[in-house]
Amino acid sequence: MNVEPRAGSAFPPIADYGFLSDCETTALVAPNGAVEWLCLPRMDSPSVFGAILDRDAGTFRLHPDGADVPAARRYVPGTMVLETTWCTRSGWLQVLDVLLMGPWHHETERSGSHRRAPTDYDADHVLLRVARCISGQVQLRMECAPVFDYGREPAQWSYPDGGYRAARASGGGSELLLTTDTNIGFEGSLATSRTLLKEGEWRFVALSWSEHAPPANVDEALERLTWTEHHWRHWLDRGDFPDHRWLPYLQRSALTLKGLTFAPTGAIAAAATTSLPETPGGERNWDYRYSWIRDSALALWALYALGFDWEANDFFYFVAEAAEAAAGHLQIMYGVDGRARLDEEVLGHLDGYEGAYPVRIGNGAYDQAQHDVWGAAVGAIYQYVRSRDRLDDRLWSIVVTQVEAALENWRGPDRGPWEVRGEPQHFTTSKIACWLAADRGARLAALRGDEKREDRWRRAAEEIREDVLTHAVDDRGVLCQHYATTGLDASLLLMPIVGFLSPDDPRCRATVLAIADELTEDDLVLRYLVEDTDDGLSGEEGTFTICSFALVSALAVIGEVDRATALCEKLLGAASSLHLYAEEIDPHSGRHLGNFPQAFTHLGLIQAVMNIVRAEKRAARR
């Protein structure tokens, strides 16, 4: 269900954007045919099209003259190619949008950015848009208005040759090349063209930003489009998907996760955007174009579960590099290139999506003390080692460092899994994450034959468990958010999934069912109650969709399969028309809120669906 934003808004609903990727950068395309978000050359670089955050921050539109609302939109099946169909008074038009992929480029020289093993393919660094008149005739319009450096530097246009089929935009030390088979003119910082298409005719426009040549004509454009379609389908064919009614959601989630992957390092960005608001018009606006360490164990679980071992391994290597470099001081997040400093800055010149201010780049939470990072790192190594039953010296060294860091720090307070900006507390989930580090570390120690560490870490894990069960359980037998409250926290839904308590433990069931009954709005799960949590911010927020999918998984694990299935059906019905999810869903309107598309949500979807599929198979065997 896609719900319109407030009356008179110039912004499309967040859920109505289409998502493009070449695994180095990403783009968002509005329903009216405008590219409103594109950062170059990487997904966390400054934007050249930023209209999603300010209507004057740059846009690139291709559409029929006089039309704003398409007849239909979809992805070409099995691909990241967005297809938009338009109906006008004089004819029908189809537009295909794609960030091109191509063969591996670096045949005679080394790549300066790739740290993972090269593959047979690479980003072409070209945004291609092709249009075809299906019937009748249609006036096609193109309007390209980049504004470099997050809307601070309008483009300066020039012709690179003697014709009208190419144009160069410069600004902020960057250059773009616009190539097309229509005639381009300039109106200040706007490059524009208009041409008449008759039935069966094609036109193309390509925007490129590297030394690699864009398509020179429409035939080459279609050939490279076809190559990219085949690439995505070939990638999807490697997956191991269940033959299930929810297959389309699993496949789109897998493609979205691949699209949020920065191929040179294997990092998975949390989302493609910054500062899309969690609260309409509010201040809960963050930059999510970075890679969170705590997502690693779930990401590996989901990717391995679907058969995408290469992607899982590449992300694991990224996490292992970060853990090795950080020793015992692992951050909660890193840049997709692996950089550690993510200094936060407010962009005061941007109005924000629907006036939601401030717009932030960077993320000031990167240096927060959060105790879940050690459990995430050791959990990721455990997931990786389980698939090969071998633990080499390099990984073992990382395990030892991370487990010891967890055991040194678990008794202290932190800011919890939600990166609250209030006072540190003894968050229960953080304690459980330290337990996870010790528990999985002990299992890995057994694999190594290190009996002393295995025994010491097992005893430490039991000590942490006893501390949690002594201080975090209320009179009803429900685990609470932290030691000084009786408030609930949705992150505790991970408890039965990671095995902190067995699914049939009364405290485990009581906690899951309390969250399902008391921390929900219209069945969808909140992270926490704002009035019970010192998060250092004002305003409300929507339900966190990853938490709702986590509730599906937790309900399935404790045997409440019918309830889990009903909730999963409801969540899948709340997806965008393109099967994408933002971070949150307003439970009353169904409106998507927060950054988009959100990796953590799609990871949670995969885990939830796979848990139900497995539960259904177990039931069928009885």
Side-chain angles (χ1 to χ4, degrees), residues 1-4 12-22 26-38 52 60-64 67-88 91-101 127-135 138 140 197 202-205 221-222 224-237 239 241 244-260 272 571-582 590 592 596-598 601-602 605 609:
M1 175 175 60
N2 295 337
V3 179
E4 291 295 324
I14 290 171
D16 281 2
Y17 284 93
F19 172 59
L20 308 179
S21 174
D22 62 7
T26 60
L28 295 183
V29 186
N32 70 352
V35 177
E36 295 194 354
W37 186 247
L38 176 66
I52 196 171
F60 177 18
R61 191 174 178 205
L62 187 68
H63 64 106
D68 291 324
V69 180
R73 297 169 84 219
R74 65 165 191 159
Y75 283 105
V76 176
T79 78
M80 292 289 288
V81 179
L82 182 64
E83 176 189 287
T84 306
T85 303
W86 301 82
C87 174
T88 73
W92 287 75
L93 181 78
Q94 182 186 81
V95 174
L96 297 169
D97 292 317
V98 63
L99 283 163
L100 287 177
M101 305 293 292
L127 172 61
L128 176 66
R129 317 192 73 180
V130 295
R132 174 171 70 102
C133 183
I134 301 171
S135 66
V138 178
L140 178 68
L197 268 71
W202 292 83
R203 293 290 186 272
F204 86 99
V205 56
L222 293 173
R224 290 170 69 172
L225 170 65
T226 300
W227 198 102
T228 303
E229 288 182 350
H230 289 171
H231 158 76
W232 284 113
R233 289 192 178 118
H234 175 70
W235 180 83
L236 200 61
D237 288 345
F241 294 96
H244 192 271
R245 64 190 181 279
W246 294 336
L247 174 65
Y249 296 92
L250 286 174
Q251 290 186 330
R252 183 50 51 190
S253 289
L255 285 163
T256 302
L257 291 174
K258 179 65 172 175
L260 289 169
L571 289 168
L572 296 180
S576 81
S577 61
L578 297 172
H579 289 179
L580 300 175
Y581 288 87
H592 286 225
F596 180 84
Q598 178 84 1
T601 304
H602 286 276
L605 182 154
V609 169

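Because the structure is a prediction, the values reported are computed rather than measured. We're numbering straight along the sequence, starting at 1.
- One N or O on the side chain of Tyr581 and one on the backbone of Leu571 form a donor-acceptor pair closer than 3.5 Å.
- Closest of all the heavy-atom pairs between Leu38 and Ala27 is CD1-CB, 4.0 Å.
- Residues passing the side chain to side chain contact (heavy atoms under 4.5 Å, CB included) test with Ser135, sequence neighbours excluded: Trp92, Glu199.
- Using a 4.5 Å heavy-atom threshold, the side chains of Leu127 and Phe60 count as touching.
- Nearest heavy-atom pair, Trp86 versus Asp68, reported as atom, atom and distance to 0.1 Å: CZ3-C, 3.6 Å.
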Query - Full working for side chain to side chain contact (heavy atoms under 4.5 Å, CB included) between Met101 and Glu229 - result: CA-CA 9 Å; Met101 305 293 292; Glu229 288 182 350; over 6 Å; no
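- Interatomic distance, Leu20 CG to Leu100 CG, rounded to the nearest 0.5 Å: 10.5 Å.
- Residues that satisfy the side chain to side chain contact (heavy atoms under 4.5 Å, CB included) test with Thr26, not counting sequence neighbours, are Phe19, Ser21, Met43, Ala272.
- For the 3.5 Å distance criterion, the side chains of Glu36 and Tyr17 qualify, holding a donor opposite an acceptor.
- Considering CG of Leu260 and CG of Leu255, their distance stands at 11.0 Å, rounded to 0.5 Å.
- Annotation for Gly78 and Leu236: closest pair CA-CD2, 3.8 Å, computed over non-hydrogen atoms.
- Here the side chain of Arg61 pairs a donor or acceptor atom with the backbone of Asn32 at under 3.5 angstrom.
- Applying the side-chain hydrogen bond (donor to acceptor under 3.5 Å, both in side chains) rule to His244 yields the partners Glu616; only residues at least two apart in sequence or on another chain are considered.
- Relative orientation of the Trp227 and His231 rings is parallel, given thresholds of 30° and 60° on the angle between their planes.
- Note that OH of Tyr75 is 11.5 Å distant from NE2 of His579, once rounded to the nearest 0.5 Å.
- In this structure, Thr228 OG1 and Asp22 CG are separated by 9.5 Å, a value rounded to the nearest 0.5 Å.
- Looking only at side-chain heavy atoms (C-beta outward), Leu580 and Thr256 come within less than 4.5 Å of each other.
- For the pair Glu83 and Arg73, the minimum side-chain heavy-atom distance is 4.5 Å or more.
- Residue Thr601 holds its OG1 atom at 9.0 Å from NE2 of His592, rounded to the nearest 0.5 Å.
- Checked against side-chain hydrogen bond (donor to acceptor under 3.5 Å, both in side chains), Ser253 has the following partners two or more places apart in sequence or in another chain: His602.
- Every residue meeting the side-chain hydrogen bond (donor to acceptor under 3.5 Å, both in side chains) condition with Arg224, not counting sequence neighbours, appears here in chain and number order: Asp124, Glu220.
- Nearest heavy-atom pair, Tyr249 versus Leu605, reported as atom, atom and distance to 0.1 Å: O-CD2, 4.0 Å.
- When all heavy atoms are compared, the tightest approach of Leu578 to Gly18 is CD1-CA, 3.7 Å.
- Applying the side-chain hydrogen bond (donor to acceptor under 3.5 Å, both in side chains) criterion to Asp97, with sequence neighbours excluded, gives Arg129.
- Within the 4.5 Å cutoff, side-chain heavy atoms of Leu96 are placed close to those of Leu225.
- One finds the CZ atom of Arg132 at 8.5 Å from the OG1 atom of Thr85 (value rounded to the nearest 0.5 Å).
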Query raised in the report: Between Val130 and Arg203, is a side chain to side chain contact (heavy atoms under 4.5 Å, CB included) present by the stated rule, with each step listed?
Result: CA-CA 6 Å; Val130 295; Arg203 293 290 186 272; over 6 Å; no
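- Closest of all the heavy-atom pairs between Ala254 and Trp235 is O-CH2, 3.4 Å.
- In this structure, Leu28 and Pro597 have side chains that are in contact, with non-hydrogen atoms separated by less than 4.5 Å.
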